[in-house]
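Residues: numbered from 1 along the sequence shown. We count ligands from 1, going down the list as the structure has it; atoms in each ligand are counted the same way.
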Amino acid sequence: MADPKGFLTTGREVAQTRPAGERVKDWNEVYVPGSLLPIISKQAGRCMDCGIPFCHNGCPLGNLIPEWNDYAYREDWAAASERLHATNNFPEFTGRLCPAPCESACVLGINQPAVTIKNVEVSIIDKAWGNGDVTPQPPERLSGKTVAVIGSGPAGLAAAQQLTRAGHTVAVYERADRIGGLLRYGIPEFKMEKVHINRRIEQMRAEGTKFRTEVEIGRDIDAAKLRRRYDAVVIAAGATVSRDLPVPGRELNGVHFAMEYLPLANKVQEGDLTVSPITAEGKHVVVIGGGDTGADCVGTAHRQGAASVTQLEIMPKPGEDRNANQPWPTFPMLYKVTSAHEEGGERVYSVSTTHFEGDEDGNVQFLHLVEVEFKDGKLEQKPGTERKIPAQLVTLAMGFTGTDQQNGLVQQFGLELDARGNIARDGQYATNVDGVFVAGDAGRGQSLIVWAIAEGRSAARGVDRFLTGTSELPAPVKPTDRALTV
Ligand SMILES: Cc1cc2nc3c(=O)[nH]c(=O)nc-3n(C[C@H](O)[C@H](O)[C@H](O)COP(=O)(O)OP(=O)(O)OC[C@H]3O[C@@H](n4cnc5c(N)ncnc54)[C@H](O)[C@@H]3O)c2cc1C
Ligand code: SF4
């Protein structure tokens, strides 16, 4: 146990963010660089090393949290990094972006603020990179087997790294021009600077993983042909079909899916564009959807110089404390103030968009909404509450409905889908087609980075067993194994 009295003597302290007015002028991460390190060992010392660490189960990766908290408390960063990497290929991604269901399951959280697990995680990995402790781990011998991974998001990268290290020759195919999936094109720079992806890719290249960008399987290479060329295939193609809002005026200029808007802002940061073709500059912006994708639109609009930003949510405002039906250690739905919300804008709950109004040139100008309430379990409009708000840019961030690969690789492989439109798989992440596996959002539906990494690792074990009859890769996490999480 790190510090037997740590939880009694030390209060919870989290990473400091830069002043909102300062950080909206740039795209760098919102945190004060170096602010965590002076406090993090004491924070790790708050861990009680419980007999039954519920945080393990809250984390889809089963991260060995009390073990690395202990090393972080003792400032043995190399040992902490080794323990962290035992279960997580990319802690710099999760340490920045994970909603930390582990902290909701922390035993200390029953009657005190939880241990800052996510901050400890990111400190360990940043220190490890800084100290040169993250090095390539190429396999000792090659198996002679080949694997194609389709998609380079966190699921594909985790599967590829595990399989390469197991000795298989792995090629990652990505239809975009850069590697990273939604980490690259979707998640804004201010949440995670892309340097973190780039140095992992370098590590993976040095281990032997091959990357092929701007190749879409199902279009540029026939899927069945790919299967014949490789001994096994992992599909990690994401779930990128955005949920639409088919109301009158949807076709007006200036109404876009969030995933049309956000990647263009990423492209500006990559240096491919000087200005985004869809910019919030000087406009009244309305973001429809109260989740994380919506918050990313809010933060992006602030940085582009929006005149105003309003985020709409159809559901009522969540509470600040757990509901009775979401007890510890489950992951509760709580009111969250993200860094984007700290920066400004207004959030409006319990409203539904009825239609958009445009000008004579077909550009959106107003959004009409009505208040809604639950009656007998059904959402109903409240008469007399209709109003309109200015809206010159509208982004739709209402979730995703599944894979966009129905006419491509799903058809060409002959894959079965499940009832929710995701690619169906068994407990080993195998699809109905021999030698074809699926991991991440493509099989699970739009979810979290931590789940994508967990599934990529698990699918890798399934592939390894398929290719060699056995596997020393870590045991799979099944989609239902760790149920405390979202
Ligand atoms: C805007 C936004 C913000 C988010 N923020 C967070 C967050 O803060 N924290 C969090 O935990 N989660 C977040 N998520 C969710 C998270 O990003 C995803 O759950 C995660 O990236 C899924 O990983 P994946 O590898 O399964 O798929 P993806 O990351 O979607 O990667 C799939 C890749 O496959 C490629 N591809 C698809 N089809 C083909 C093909 N036929 N051939 C070749 N390549 C193909 C795609 O181009 C893409 O690069 C966010 C999602 C969005 C949209
Ligand atoms: S990956 Fe997420 S759930 Fe797991 S320890 Fe890190 S922050 Fe917690």
For the pair Val436 and Ile235, evaluate side-chain contact (heavy atoms from CB on, under 4.5 Å) and give the outcome as yes or no after the intermediate values. CA-CA 7 Å; Val436 179; Ile235 301 172; 3.6 Å; yes
Determine, step by step, whether Leu262 and Thr293 satisfy the side-chain contact (heavy atoms from CB on, under 4.5 Å) criterion, reporting the C-alpha distance in whole Å, the side-chain angles of both residues, the deciding distance to 0.1 Å, and the verdict. CA-CA 9 Å; Leu262 293 171; Thr293 304; 4.1 Å; yes
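With a 6.0 Å cutoff to the six-membered ring centre and a 45° limit on the axis angle, Arg18 does not count as a cation-pi contact of Tyr31. Figure legend: Lys317 and Tyr335 shown as a cation-pi pair, the cationic atom lying under 6.0 angstrom from the six-membered ring centre and within 45 degrees of its axis. Phe257 carries Arg250 over the face of its six-membered ring, with the cationic atom under 6.0 Å from the centre and within 45° of the normal.
Here the CH2 atom belonging to Trp451 is positioned 15.0 Å from the CD atom belonging to Gln446, to the nearest 0.5 angstrom. The CD atom of Gln43 lies 8.0 Å from the CG atom of Asn119; values are rounded to the nearest 0.5 Å.
One N or O on the side chain of Asp441 and one on the backbone of Ser447 form a donor-acceptor pair closer than 3.5 Å.
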Are any protein N/O atoms closer than 3.5 Å to the N/O atoms of ligand 1? If there are, list each pair with names and the distance to one decimal place.
residue	atom	partner	partner atom	Å
ligand 1	5 (N)	Lys191	NZ	3.3
ligand 1	8 (O)	Leu97	O	3.4
ligand 1	8 (O)	Lys191	NZ	2.9
ligand 1	9 (N)	Leu97	O	2.8
ligand 1	11 (O)	Ile449	N	2.9
ligand 1	19 (O)	Asp441	OD1	3.1
ligand 1	19 (O)	Asp441	OD2	3.0
ligand 1	19 (O)	Ser447	O	3.2
ligand 1	19 (O)	Leu448	N	3.4
ligand 1	25 (O)	Pro154	N	3.3
ligand 1	25 (O)	Ala155	N	3.0
ligand 1	26 (O)	Asp441	N	2.8
ligand 1	29 (O)	Leu182	N	3.0
ligand 1	38 (N)	Gln405	NE2	3.2
ligand 1	41 (N)	Ile217	O	2.9
ligand 1	41 (N)	Gln405	OE1	3.0
ligand 1	42 (N)	Ile217	N	3.0
ligand 1	44 (N)	Arg175	N	3.1
ligand 1	47 (O)	Glu174	OE2	2.7
ligand 1	47 (O)	Arg175	NE	3.1
ligand 1	49 (O)	Glu174	OE1	2.6
ligand 1	49 (O)	Glu174	OE2	3.1

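Taking a heavy-atom cut-off of under 4.0 Å, ligand 2 is surrounded by Cys59, Asn63, Ile65, Thr94, Cys98, Ala100, Pro101, Cys102, Ile117, Lys118, Glu121, Val450.
In summary, the side chains of His56 and Asn63 do not present any donor paired with an acceptor at a separation below 3.5 Å, with no hydrogens or angles considered.
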